[in-house]
Protein chains: 2
Amino acid sequence: MRPTTKDLAVAAGVSLASVDRVLNGRSGVRKKTVDAVNEAIERIGFVRNLSAANLAKSKQYRFLFLLPRHGDLFVSELSSHIEEADAALKAEGMDLRYQSISQNDPHEITRALDAIIPEDVDGIALMAPESPQVRDAAIRLKERGIQVVHLISGQQDMSGLDFVGIDNRAAGATAARLIGRFCTGRQGKVMIVTETMNARDSLERRFGLDEVLTTDFPNLTALPSMETYGDKERAKSVIATAIKKNADIVAIYIMSSEARAPLAGLSDTKLQSKPIILAHELTDRTRKGLMSGELDALIVQNPGHLVRSAVRLLRAGVDGRSVLKSQEQIRIEILVKENLLSEVGPDT
Amino acid sequence: MRPTTKDLAVAAGVSLASVDRVLNGRSGVRKKTVDAVNEAIERIGFVRNLSAANLAKSKQYRFLFLLPRHGDLFVSELSSHIEEADAALKAEGMDLRYQSISQNDPHEITRALDAIIPEDVDGIALMAPESPQVRDAAIRLKERGIQVVHLISGQQDMSGLDFVGIDNRAAGATAARLIGRFCTGRQGKVMIVTETMNARDSLERRFGLDEVLTTDFPNLTALPSMETYGDKERAKSVIATAIKKNADIVAIYIMSSEARAPLAGLSDTKLQSKPIILAHELTDRTRKGLMSGELDALIVQNPGHLVRSAVRLLRAGVDGRSVLKSQEQIRIEILVKENLLSEVGPDT
DNA sequence: CTTGATCTGAGGTACGTACCTCAAGTACCA
DNA sequence: TGGTACTTGAGGTACGTACCTCAGATCAAG
C-alpha cells in the first residue's frame, strides 16, 4: 500500500498536524520541521492521495468560458466541447459553463468582465479580440482573485496571464510549407483571405507564412491579405477582383477560423488551373470540403484540447500550483482526406 | 452542492443500501426499485463523486506494459511515457510498469503471458507481433480475469480484445496522399522500406498506400516492399540494389517505426534528384532528420496518447465499464518542420 | 525568571462512497 | 398456513486528507 500522511508523520518524527501544516503550506512551522517532513516525503515516496484530498476539500471549481456571440462554426465546436468536458469533469468537482460576449465591442466585454464576482466564478477563459480595455479588465479580475486565461486569440501584452492556443506564427509557417510543397514546380501567386487582420492570430499567421514562403519558395508570391469581415457578398467581390488581377493564382490560404464566407466567395470563380486551397479548423463545412477535394488540407487545433488545457491552467491557478507552460502547448495538426477520420481521437 | 447518494436515496424513496445496490450493480434488487433509482438519477442529475468512490474502494490498478526487448527508439519513447503516466496517475491509485519481452519468439512471449497471475497484475498492454500462440495466451489471460489490450501492432483476429493504435491502413493512405502531393507533376517510382513485412502494421500501411497511389496518383509507381530486418548493412545493400535498378525513384516511404537503418542505408546513395522521404514516428533521429530537411514529413502517433488510452481501456475493463471505441481512436498526425515544435503538446 | 510569541501535538469532525451485517419486510408456493 | 426465497432498510466502519481547536512545549528577549 502507498504511504499515507500518517506514515509520513511517523517517518518524519512529527505529528499529523505538522505534516498537514507542511503539506498545505500553512504558517507557523520551523524550518527544521519543514525539512524533516520534506526529507521523509522523498525517503518514503509519499504521494498525496488526490481522491482523498479532493473529497476532504469538497471543493468546486466554477469556470466560465466567454466566447464571441456571433460565433462561427468553430466556436460552436468549442461550446460543445465545453459541455462534454463539463459532463466528464462533474465527477471531479468541476462546473464548466460558457457565455456569449460581444465579438468586437471592448466596452461591452469590459462591462461583462467587471460584472463577474468571485462568489460565482473561480476562473475565466476569455476568447476576445485584442484591446487595451479588455486587457485591463482581465488584470482587474485577477486582482479580485479570479483566474484568467486567454483562449485562442490572446492579447498583445499577456501581462502574466496564461494563453491557451496554438503558436499562430508556426501555424502560418506550416501552411506555407504545405502550400509550397503542394505547388512544386509551379510559379504564381498565393491568395490570402481572412475575416479581419485586426485579429492577432491572423497577423501572426500571415507573418509566419511570409517568412517561410520568401525563404523557401521564391516561386510563390503572396498577395496582400484580403478581409471578408465574415460577409459572403464582400468575400465574393474581393475575391473576384483579386482573381481578375492575378490569373496566376496557384494557391489560396484561408487564415481565419471561419471558412464559410471565403469558400462561398470562391465557389463560382474561374482560374487557369485548380488552385491548392488550405483552411483552418475542423468544422462541418471544412470536413465536407476536405472530403470532396474542394480543400486540399486543413490546419487544425483540437477544440477538446483547448478546453481541457484551459481548465487545467485555471485549476492550477486556483490551487496555486504552477504549470509547465510548454506542457500546455497546443499541437498544430495537419489534416488531409486520409487522416481526417482519426480526428475523433481520445481525450487525453 | 451536488446531490449525494443520500439525496438520491431520498429522491428515489428508497434506502441508501438500495441505492448502493443499484449503483454498483449488485444482485437482489427488484426491477421496480432499480427503475426508481435510475429515474431519480436522471431527475436530480446525480453524478457519482469519483474521488469519494476511489477513496472508498481504495483500489490499486496494476497495469503492465509488455514491450519488445530490442526496442527501437520509438519503444523507448513509449517506456518514458509510461514512466511519466505512472508518476502522474500514482495519485489516482495507478501503478504502471513495463517489462521487456522477446521481439519475435512467440513461445517466449507465451510463457511470459502464462506466468502472469491476477494477484500481481490487473491488466496487460501487449505490444507483440502477430501469432496464434500469443493470441491464445492473451485470451487465456482474459479468462483468468486479467484485462488485455493490444498496443500498436495488434493481432489478426482481435477476439474481442481491445486495440490501441492508429488505423494503419489510413496511415499508409495518408503517406500516399502526401507523397503524391509533394511529387506533383513528376513521374517515377516510390521506394518502400520497412523492417519486416511480417508485422501487421506494415502490411496494412502498404495496403493503404497502394490504394491511394493507384487511384489518385497514376504518375507514381510503388516498388515492392523492401525489408531491412533492422540491419544497417542489409539496408544499405537492398537500397543500393533498388536504386541501381530504378534511377527514377522520386519518393521513399519508410514504413516501420524504426527509421535509423533505412536512413543509414540511404545516406550515401545517389539519385537523379533529391527524393521526397517520409517516415513514421517521432524520435530523436526522425526529429533531427525533419529539422535538417533530410526528411520531408513524418506520420506520427502520439506515444503519450497511446499509453493513456491503453490505461483507460484497461481500467474500464477492470471496472466492468464499457468504452466508446471510437473515442479511443488514436490520431494520425502529420509533421513537417514547421509544426514539429508544437509536438510537446498537452496530455490530455 | 518571567512574559509573550511561536511552534507542536493530540484529538476531533467532515467529505461521499463502498461494502458489510443483520433484522425485518414481502411475495410466492405448496 | 407455514415455509422459503427474495428484497429492503438500518446502521455501522473504512478509505486518506483537510481543517479546526486547544493545551502544552519551546524559544527569545527583557
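All heavy atoms count here, side chains included; hydrogens, waters and symmetry mates do not. Throughout, a chain's letter reflects where its sequence line sits, starting with A, and its residues are numbered from 1.
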Participant: Name the first nucleotide and the last nucleotide along DNA chain C (5' to 3') that come under 4.0 Å of a heavy atom in chain A.
Facilitator: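 Going 5' to 3' along DNA chain C, contacts run dC7(C) to dG16(C).
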Participant: By the definition side-chain contact (heavy atoms from CB on, under 4.5 Å), identify the one residue from Leu23(A), Asp7(A), Val37(A), Asn38(A) that meets it with Phe46(A).
Facilitator: Leu23(A)
Participant: Please report the shortest heavy-atom distance between Ser79(A) and Leu67(A), naming the atom on each side.
Facilitator: CB-CD1, 4.1 Å
Participant: Describe, as an angle rounded to 10 degrees, how the axis at the first end of the helix from dC1(C)-dG30(D) to dA30(C)-dT1(D) is tilted relative to the axis at the last end, five pairs per end.
Facilitator: 20°
Participant: Checking Thr283(A) now: which residues fulfil side-chain hydrogen bond (donor to acceptor under 3.5 Å, both in side chains) with it, not counting sequence neighbours?
Facilitator: Thr286(A)
Participant: For Leu314(B) versus Ala125(B), what's the shortest heavy-atom pair and its separation?
Facilitator: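 Here Leu314(B) and Ala125(B) meet closest at CD1-N, 4.2 Å.
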Participant: Identify, with sequence neighbours excluded, every residue that meets side-chain hydrogen bond (donor to acceptor under 3.5 Å, both in side chains) alongside Arg30(B).
Facilitator: none
Participant: With sequence neighbours left out, write down each residue that passes salt bridge (charged side-chain N to carboxylate O under 4.0 Å, His left out) with Asp35(B), or none if nothing qualifies.
Facilitator: Lys31(B)
Participant: Which residue pairs pass the salt bridge (charged side-chain N to carboxylate O under 4.0 Å, His left out) test when at least one of the two sits in residues 37-56 of chain A, sequence neighbours left out?
Facilitator: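 Pairs touching residues 37-56 of chain A that pass the test: Glu39(A)-Arg43(A).
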Participant: Could you check whether Ala53(A) gets within reach of a base, just the sugar-phosphate, or nothing at all, counting any heavy atom under 4.0 Å?
Facilitator: sugar-phosphate
Participant: Among residues two or more places apart or on two chains, list those pairs meeting salt bridge (charged side-chain N to carboxylate O under 4.0 Å, His left out) that have a residue in residues 51-67 of chain A.
Facilitator: Arg62(A)-Asp122(A)
Participant: Between the side chains of Glu281(B) and Gln301(B), is a donor N or O closer than 3.5 angstrom to an acceptor N or O?
Facilitator: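 There is such a pair (donor and acceptor under 3.5 Å, judged by atom type) between the side chains of Glu281(B) and Gln301(B).
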Participant: Closest-nucleotide mapping onto DNA chain D: is Ala56(B) or Ser18(B) further toward the 5' terminus? I mean the 5' end.
Facilitator: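 Result of the comparison: Ser18(B).
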Participant: Could you list by number each residue of residues 19-27 of chain B showing a heavy-atom separation from DNA chain C of less than 4.0 Å, or answer none if no residue does?
Facilitator: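 Asp20(B), Asn24(B), Arg26(B), in order of number.
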Participant: Does Asp20(A) have any salt bridge (charged side-chain N to carboxylate O under 4.0 Å, His left out) partners at least two apart in sequence or in another chain, and if so, which?
Facilitator: Arg26(A)
Participant: On DNA chain D, compare the nucleotides closest to Ala17(A) and Arg30(A); which residue's is nearer the 5' end?
Facilitator: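 It is Ala17(A), whose closest nucleotide lies nearer the 5' terminus.
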Participant: Could you list the residues that satisfy salt bridge (charged side-chain N to carboxylate O under 4.0 Å, His left out) with Arg2(B), not counting sequence neighbours?
Facilitator: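 Partners of Arg2(B) under the salt bridge (charged side-chain N to carboxylate O under 4.0 Å, His left out) test: none.
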Participant: Enumerate the residues from residues 3-15 of chain B whose closest heavy atom to DNA chain C is under 4.0 Å, giving them by residue number; use none for an empty result.
Facilitator: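 Residues of residues 3-15 of chain B that come under 4.0 Å of DNA chain C are, in numerical order, Thr4(B), Thr5(B).
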Participant: With Phe65(B), which of Leu306(B), Asp86(B), Val307(B) fulfils side-chain contact (heavy atoms from CB on, under 4.5 Å)?
Facilitator: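 Result for side-chain contact (heavy atoms from CB on, under 4.5 Å) with Phe65(B): Val307(B).
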Participant: Can you list the residues that meet the salt bridge (charged side-chain N to carboxylate O under 4.0 Å, His left out) rule with Glu108(B), with sequence neighbours excluded?
Facilitator: Arg69(B)
